[in-house]
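Below is the structure I would like to discuss, written out as structure tokens.
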Amino acid sequence: MLEHHFWENFRKWVPHQNVDEVYDIEKIGFAEESFAVLLRPDHFLKEKRSEWALRLVWDRIISYTVTDESYRPELWVSEKTPDWSLWTFYLSETSEHLTKFREENYLVSQDTHHFFICGTNLMADILSEEYPTVTFLKWDPNCNTRQAIEI
């Protein structure tokens, strides 16, 4: 989903003070009765790469869309990116996607937020009235099954 005015409609969102700058979306979807996103640290500079994975869990979401990052060139880091900053998490109450969704779905509350997770592999647009619960997980990059161990 193309956001023509991304930098005008979104602001940087810090889900927790200890999050890393860059993540890869490892898993996303419904798990039991909640919606979860597991993010693997993936900073381009190995010395800046964290050993802590991140899990975001929403009890209830309204909608989500996942897109391969290569199909969202309007969000690639470039000279058009404010301060050329690397960041994964953004939030909006005025995005084009949320505005259109509200127009087509009159039950969507005015308290709904558009969470945008800009992974290095996938990008996720999540609409929800609530903020997610944040959990850090010890990441074992040598584990063949890519499982995180909760600490």
Side-chain angles (χ1 to χ4, degrees), residues 1-44 49-77 81 85-141 143-151:
M1 110 193 16
L2 194 63
E3 282 284 337
H4 296 288
H5 303 283
F6 183 86
W7 301 111
E8 296 165 24
N9 292 326
F10 282 82
R11 67 183 186 278
K12 182 178 175 179
W13 168 52
V14 182
H16 187 279
Q17 65 187 15
N18 295 331
V19 296
D20 200 9
E21 296 172 325
V22 183
Y23 288 90
D24 209 8
I25 297 176
E26 186 70 19
K27 291 183 182 178
I28 186 167
F30 290 94
E32 297 174 17
E33 294 186 23
S34 59
F35 180 79
V37 180
L38 177 62
L39 299 150
R40 176 174 44 89
D42 192 31
H43 201 288
F44 306 110
R49 193 172 302 157
S50 172
E51 61 183 14
W52 294 94
L54 181 68
R55 182 175 26 207
L56 303 175
V57 178
W58 285 262
D59 288 330
R60 184 176 174 273
I61 65 164
I62 296 166
S63 171
Y64 81 100
T65 305
V66 179
T67 312
D68 182 309
E69 68 88 20
S70 58
Y71 292 97
R72 300 284 296 263
E74 81 277 15
L75 300 174
W76 292 344
V77 174
T81 307
S85 59
L86 290 174
W87 194 248
T88 301
F89 309 100
Y90 297 93
L91 183 66
S92 177
E93 286 81 25
T94 60
S95 73
E96 295 169 22
H97 174 57
L98 180 55
T99 301
K100 186 172 181 172
F101 200 87
R102 278 189 183 124
E103 288 171 1
E104 296 173 359
N105 300 278
Y106 65 91
L107 295 176
V108 176
S109 161
Q110 290 301 313
D111 295 331
T112 301
H113 310 287
H114 181 171
F115 296 90
F116 180 69
I117 301 173
C118 185
T120 56
N121 61 341
L122 301 172
M123 296 183 176
D125 294 273
I126 301 164
L127 303 183
S128 180
E129 295 175 357
E130 64 185 38
Y131 284 80
T133 301
V134 176
T135 305
F136 288 92
L137 306 153
K138 183 74 169 179
W139 186 261
D140 182 358
C143 183
N144 290 336
T145 59
R146 295 179 159 200
Q147 292 183 357
I149 304 165
E150 191 162 355
I151 303 274

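Please read these numbers as outputs of a predicted model, since none were measured by experiment. Positions are given from 1 along the sequence.
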- Any salt bridge between Glu93 and Arg11, counting N to O under 4.0 Å? yes
- Message: Test side-chain contact (heavy atoms from CB on, under 4.5 Å) on Val37 and Ile126; report intermediate values, then the result.
- Response: CA-CA 10 Å; Val37 180; Ile126 301 164; 4.0 Å; yes
- For the side chain of Ser63 and the backbone of Leu127, is there at least one donor-acceptor N/O pair under 3.5 Å apart? no
- Message: If you define the side chain from C-beta out and look only at heavy atoms, does anything of Trp52 sit under 4.5 Å from Val19?
- Response: no
- Item | Donor-acceptor pair, side chain of His16 and main chain of Asn18, under 3.5 angstrom | yes
- Please name the pair of heavy atoms, one in Phe116 and one in Met123, separated by the smallest distance, quoted to 0.1 Å. CZ-SD, 3.6 Å
- Reported CD1-to-CD distance for the pair Ile61 and Glu130, which is rounded to 0.5 angstrom: 9.5 Å
- Test Thr65 against Asp125 for side chain to side chain donor-acceptor pair (under 3.5 Å), laying out the working first. CA-CA 5 Å; Thr65 305; Asp125 294 273; 5.6 Å; no
- d(Thr133 OG1, Asp59 CG) to nearest 0.5 Å is 6.0 Å
- Task: Kindly indicate, with the supporting measurements, whether the criterion side-chain contact (heavy atoms from CB on, under 4.5 Å) is fulfilled by Leu54 and Phe136.
- Result: CA-CA 5 Å; Leu54 181 68; Phe136 288 92; 3.8 Å; yes
- Item | Thr88 side-chain N/O to Tyr23 backbone N/O, donor-acceptor pair under 3.5 Å | yes
- Note on the structure: Heavy atoms of Pro41 and Glu51 approach each other most closely as CG-C, 4.5 Å
- Taking all non-hydrogen atoms of both residues into account, name the closest pair between Ser95 and Ser92 and its distance. N-OG, 2.9 Å
- Over all heavy atoms of both residues, which pair between Pro15 and Leu56 is shortest? Give the atoms and the distance, please. CB-CD2, 4.3 Å
- Message: Quick one, Gln110 with Arg102, criterion side-chain contact (heavy atoms from CB on, under 4.5 Å). Give me CA distance, side-chain angles, the key distance, then yes/no.
- Response: CA-CA 8 Å; Gln110 290 301 313; Arg102 278 189 183 124; 3.7 Å; yes
- Checking Trp87 side chain against Trp13 main chain: does a donor-acceptor pair fall under 3.5 Å? yes
- To the nearest 0.5 Å, how far apart are CG in Leu122 and CD in Glu26? 10.0 Å
- Task: Evaluate the ring planes of Phe30 and Tyr64, with Trp represented by its six-membered ring, and classify them as parallel (under 30°), tilted (30 to 60°) or perpendicular (over 60°).
- Result: perpendicular
- Measure from the ring center of Phe115 to the ring center of Tyr131 and say whether it is less than 6.0 Å. yes
- Could you check Ile25 against Val66 for side-chain contact (heavy atoms from CB on, under 4.5 Å), going step by step and ending with a plain yes or no? CA-CA 10 Å; Ile25 297 176; Val66 179; 5.7 Å; no
- Item | N/O donor-acceptor pair under 3.5 Å between Asp24 side chain and Asn121 backbone | yes
- Note on the structure: Heavy-atom closest pair (Asp20 atom, Phe89 atom, distance to 0.1 Å) is O-CE1, 4.2 Å
- Query: If you look at every heavy atom in Leu98 and His113, which pair is closest and at what distance?
  - Reply: CD2-C, 4.3 Å
- Task: Please indicate whether Glu33 has more than 12 foreign heavy atoms, meaning atoms of other residues, nucleotides or ligands, lying under 6.0 Å from its CD.
- Result: no
- Query: Under 3.5 Å, is there a donor-acceptor pair between the side chain of Thr112 and the main chain of Glu129?
  - Reply: no
